[in-house]
Visitor: 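Structure provided below as C-alpha cells; questions to follow.
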Protein chains: 2
Amino acid sequence: MNVTLRQLRAFTGVYRTRSITRAARELGITQSATSLLIQQLEVQLGVKLFDRSTRSVHPTLAADEAFHAAERMLSDALGLTRRMHDLAQARAGRVAFVASAGAASALLPQILAKFRAGHPEIDIDMRDVAADDLVPRLIATDAEFAIGSVEGEFAEMTIETLTRGRLSAIGRRTADFAARRSLTWDELAQLPTIAMRRETRIRMQIDQALGAQGKHLAPTYEVTLINTALAMTAQGLGLAILPATMLPADQFPTLIARPLVRPAITRPVSLLQRQGQTLSPAAQAFVTTARTMLAERSGRAF
Amino acid sequence: MNVTLRQLRAFTGVYRTRSITRAARELGITQSATSLLIQQLEVQLGVKLFDRSTRSVHPTLAADEAFHAAERMLSDALGLTRRMHDLAQARAGRVAFVASAGAASALLPQILAKFRAGHPEIDIDMRDVAADDLVPRLIATDAEFAIGSVEGEFAEMTIETLTRGRLSAIGRRTADFAARRSLTWDELAQLPTIAMRRETRIRMQIDQALGAQGKHLAPTYEVTLINTALAMTAQGLGLAILPATMLPADQFPTLIARPLVRPAITRPVSLLQRQGQTLSPAAQAFVTTARTMLAERSGRAF
DNA sequence: TGACATTCATAGGTAAAGCTCATGAATTGA
DNA sequence: TCAATTCATGAGCTTTACCTATGAATGTCA
C-alpha cells in the first residue's frame, strides 16, 4: 500500500488540533478510525509522527516537517476538484474555435456578447479564417469546433446545420422595398445590384444554382469584401446580393434583407466538430448559446 | 468520497501512455481496475477526462489541466515518503541538544566527529551552556536532549548515566607519574596542584566529598577554566584535579590522568531527555554513538 | 471484405480495507 | 479517591477494491 489522502487529512487534523478525538469530529469519523489512520501513516512513512500518551498527543519533529507537505497536497487536491468543477460548470476555461470570415463578422459578434455576459470567466479564442481554411484549421489546431458555411461531408467530422441563410437582396428600408416579401432573380435583373466577385464561395454557389436554371447574374458592381458591398448598399448604389445572415443589423440599421426566390438559394451555417471528441464544458456552453440564438433567428423572416 | 492518490496515479498513467491497458500494466493492476479508477475520478471531478472509444483513449482539455496538478501531488507524495524515510534512517535531519561546557569541550568533539562521519547529512546544533543552565535550556528550547553532569532528579525528565568520570590527578607523562595506578588525596597534599575555583560545580563536589571525610583540599593554584588548568599542567606547574573525562587526549598528548582515591569521587556524565518524548531518529543515532563511545571509554582505566 | 486481434466497459464474486461499537487502560482534575 | 476524558485495541459489519470472465467495438491484415 501507499500513503493516502485520507491519512493525510487525519494527520493534519490531529496535528492542528493536537487531539485525535477532536480531529475525528472534524473529519466526521470516529476516534478509533482516526487513531488507525495515524498509525497507518506512521507505518507508511516509517516515522513516529506523534508522541502519544493515553491522554495527549504531541507532534514530533518529523510531523512538523510532514505537516507542510501534507497541507500542500491537500490544498492541491481541493484546488484540483474546485478547478475541475468550475470547468464542468463552464465557470472557467477557454473556448478555441474557428469561424469563417462571414460568420465571424455578421453572426458571431452577438453570440459572443451574449456568451460573455453569461460566462465572464471564460477565455474565448476565435480564429477567423477564409472559408476554404475552415476545415483544415479545425483539423490542424487545437480549436474544438468550427462555425461557417461548408458543403458536403468530411471524414471524422460531425456537421450540424445551425441555421440557413437565404440568399437575399439587401437594400435600404424604402417604403417600396420594405413592402416586398421577396424578390425573384428576374426582377433583380432590372435593378442595380452589388454582388461578390466570381472567385468567392458565395458567388460561385449563386452562379451554379442560377446556371442550373438557365439563368445568369449580371451585377452592376462586383466586390471582394462583404462590408464593402453593404457600405455601398447603404449609400444607395444598389441592392446587395448576400445571405441574410451576413447583414449585421446593428452595424447597418438602415438596411433590410428580402429573400430572393425562383430559385431560392440557401447557404447553411454549420457547426463542425471532430468526431468522437467531446467538447469542453465551456465549448458546450458556447455552442448551446450559438444554437439557441441562431434558432431564434431562423424563426424570423429574412 | 473524495479524490484518492490511487485515482491520480491511474490518471497520470493513462494520460501519459494514452492507453488504459498500458497504464494498468505500469500500475501492476488489471485493465478493468484502471478503467474503474478513471471513471471514479471523472465522477469526483465532475469532468470527462478522456474521450474513449473501445479502441482508443484521448485526453480532454480538462485532463491537460488536471495532469499537472496530479503530477505535482504524486511527486509531493513521493517526496514526503522519501524524506520521512531518510529521517527515519537518520540519513537526514537535525539534532539539537544542550551540552554542558565541560562535556562540550572534552567529550563531545570526538563523538561529533564520529557521528558526522557516519551521518554526513545531519545538521548538528549543539548549544554549550554552563552546568546550571543545562536543564533549564533543555526545558525551554527545542533541544531534544542534554548531555552533562547533573545530580538528583528532575520532574518530567529521564536521566541516564552514560559514563562516570573519576576525579583524577592529571599530570605530565613522567616515568614516575606514569608508573602510578592511582593517587590518594593525602599524597596529593604534598604536591603542587591546580584546582577549579570554589564557585565551580566540580570544586563544590570535591569540597563536599572531602569534607565528609574530614579532609580538605588546599590547591596551589585555582582557576576558572578547565583549559587553563590543563595548560598550566602541561607546563609542569602542578597536577590538575579534574574528572578524567575532561582531558582531551588529542589536545594535550603529554598529559595523563590517574584516579584519586580515598575517597574515590566520581561525577556522572548523563543524558537527559524529556519524559514521554521520543527522540528523532537523528537524535537517536547520535545518542547511540555517544553511548557506545562513552561505554568504551569507561572500560579503559583513567 | 471477412477473420483476427486488440482495446475498453461491465458484471459477478471474493478478498481486503475501513469504519463503528464496545471495552480497557492511563491520566487529569475535582 | 472518583469521575471524566482520552487514546488504543479487538470484534464484527459494511463498503470498497480488485480480479476474472465476458461482451462490444474497432482497427488490421490477408
Side-chain angles (χ1 to χ4, degrees), chain A residues 1-45 47-60 63 77 155-158 274-278, chain B residues 1-45 47-60 63 77 155-158 274-278:
Chain A
M1 259 300 249
N2 230 315
V3 173
T4 70
L5 290 175
R6 281 192 91 62
Q7 290 165 1
L8 294 182
R9 257 185 281 276
F11 166 63
T12 56
V14 173
Y15 185 90
R16 270 187 282 97
T17 62
R18 314 267 137 141
S19 155
I20 293 181
T21 306
R22 278 194 291 277
R25 270 197 285 271
E26 273 187 13
L27 298 169
I29 58 177
T30 58
Q31 167 266 321
S32 57
T34 309
S35 177
L36 289 175
L37 285 171
I38 298 295
Q39 289 176 47
Q40 287 169 10
L41 185 60
E42 287 183 331
V43 171
Q44 296 303 329
L45 299 179
V47 183
K48 197 145 189 270
L49 293 169
F50 297 102
D51 277 320
R52 282 162 283 188
S53 75
T54 49
R55 290 288 295 173
S56 64
V57 173
H58 282 292
T60 63
E156 313 276 300
M157 285 284 164
T158 316
R274 292 194 199 84
Q275 213 158 44
Q277 176 184 325
T278 45
Chain B
M1 260 301 249
N2 229 316
V3 172
T4 71
L5 290 175
R6 279 191 92 62
Q7 291 164 1
L8 294 182
R9 257 185 281 275
F11 166 64
T12 57
V14 173
Y15 185 90
R16 270 187 283 98
T17 62
R18 314 267 135 142
S19 156
I20 293 182
T21 306
R22 278 194 291 277
R25 270 197 285 272
E26 272 187 13
L27 298 168
I29 58 177
T30 59
Q31 167 266 321
S32 59
T34 310
S35 177
L36 289 175
L37 284 171
I38 299 295
Q39 290 176 48
Q40 288 170 10
L41 185 60
E42 287 183 331
V43 171
Q44 296 304 329
L45 299 179
V47 184
K48 197 145 188 269
L49 292 169
F50 297 102
D51 278 321
R52 281 162 283 187
S53 75
T54 49
R55 292 286 297 172
S56 64
V57 174
H58 283 293
T60 62
E156 312 276 299
M157 285 284 162
T158 316
R274 291 194 200 82
Q275 212 158 45
Q277 176 184 324
T278 45

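Chain letters run A, B, ... following the sequence lines, proteins first and then strands; every chain starts at 1.
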Visitor: What are the atom names and distances for every N/O pair under 3.5 Å that joins the protein to nucleotides 28-30 of chain C?
Guide:
none

Visitor: If I take atom CD in residue A/Gln39 and atom P in nucleotide C/dG18, what distance separates them, rounded to the nearest angstrom?
Guide: 13 Å
Visitor: For the side chain of A/Thr21, counting heavy atoms from C-beta on, which of D/dA17, C/dA9, D/dT6 is nearest?
Guide: D/dT6
Visitor: Sequence neighbours left out, what passes salt bridge (Lys or Arg N to Asp or Glu O under 4.0 Å) with A/Arg16? Give chain and number order.
Guide: A/Glu26, A/Glu71
Visitor: For A/Leu27 and C/dG18, what is the distance between atoms CG and P respectively, to the nearest whole Å?
Guide: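 Rounded to the whole Å, the gap is 14 Å.
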Visitor: For B/Arg9, give me all partners under salt bridge (Lys or Arg N to Asp or Glu O under 4.0 Å), at least two apart in sequence or on another chain.
Guide: none
Visitor: CD of A/Gln7 versus C1' of C/dC19: gap in Å, rounded?
Guide: 14 Å
Visitor: Rounded to whole angstrom units, what separation is found between the CZ atom of A/Arg52 and the P atom of C/dT27?
Guide: 15 Å
Visitor: Among C/dG18, D/dA17, C/dT7, which nucleotide sits nearest the side chain of B/Thr54?
Guide: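 Selected nucleotide: C/dT7.
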Visitor: Under 4.0 Å from any atom of DNA chain D, heavy atoms only: list the residues of residues 12-19 of chain B that qualify, in numerical order.
Guide: none
Visitor: Does a side-chain N or O of A/Arg6 approach OP1 or OP2 of C/dG18 to a distance below 4.0 Å, or not?
Guide: no
Visitor: Listed in order of residue number, which residues of residues 29-38 of chain A have a non-hydrogen atom at under 4.0 Å from DNA chain C?
Guide: A/Ile29, A/Thr30, A/Ser32, A/Ala33
Visitor: With A/Gln275, which residues qualify under side chain to side chain donor-acceptor pair (under 3.5 Å), at least two apart?
Guide: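 In terms of side chain to side chain donor-acceptor pair (under 3.5 Å), with neighbours along the sequence ignored, A/Gln275 is linked to no residue.
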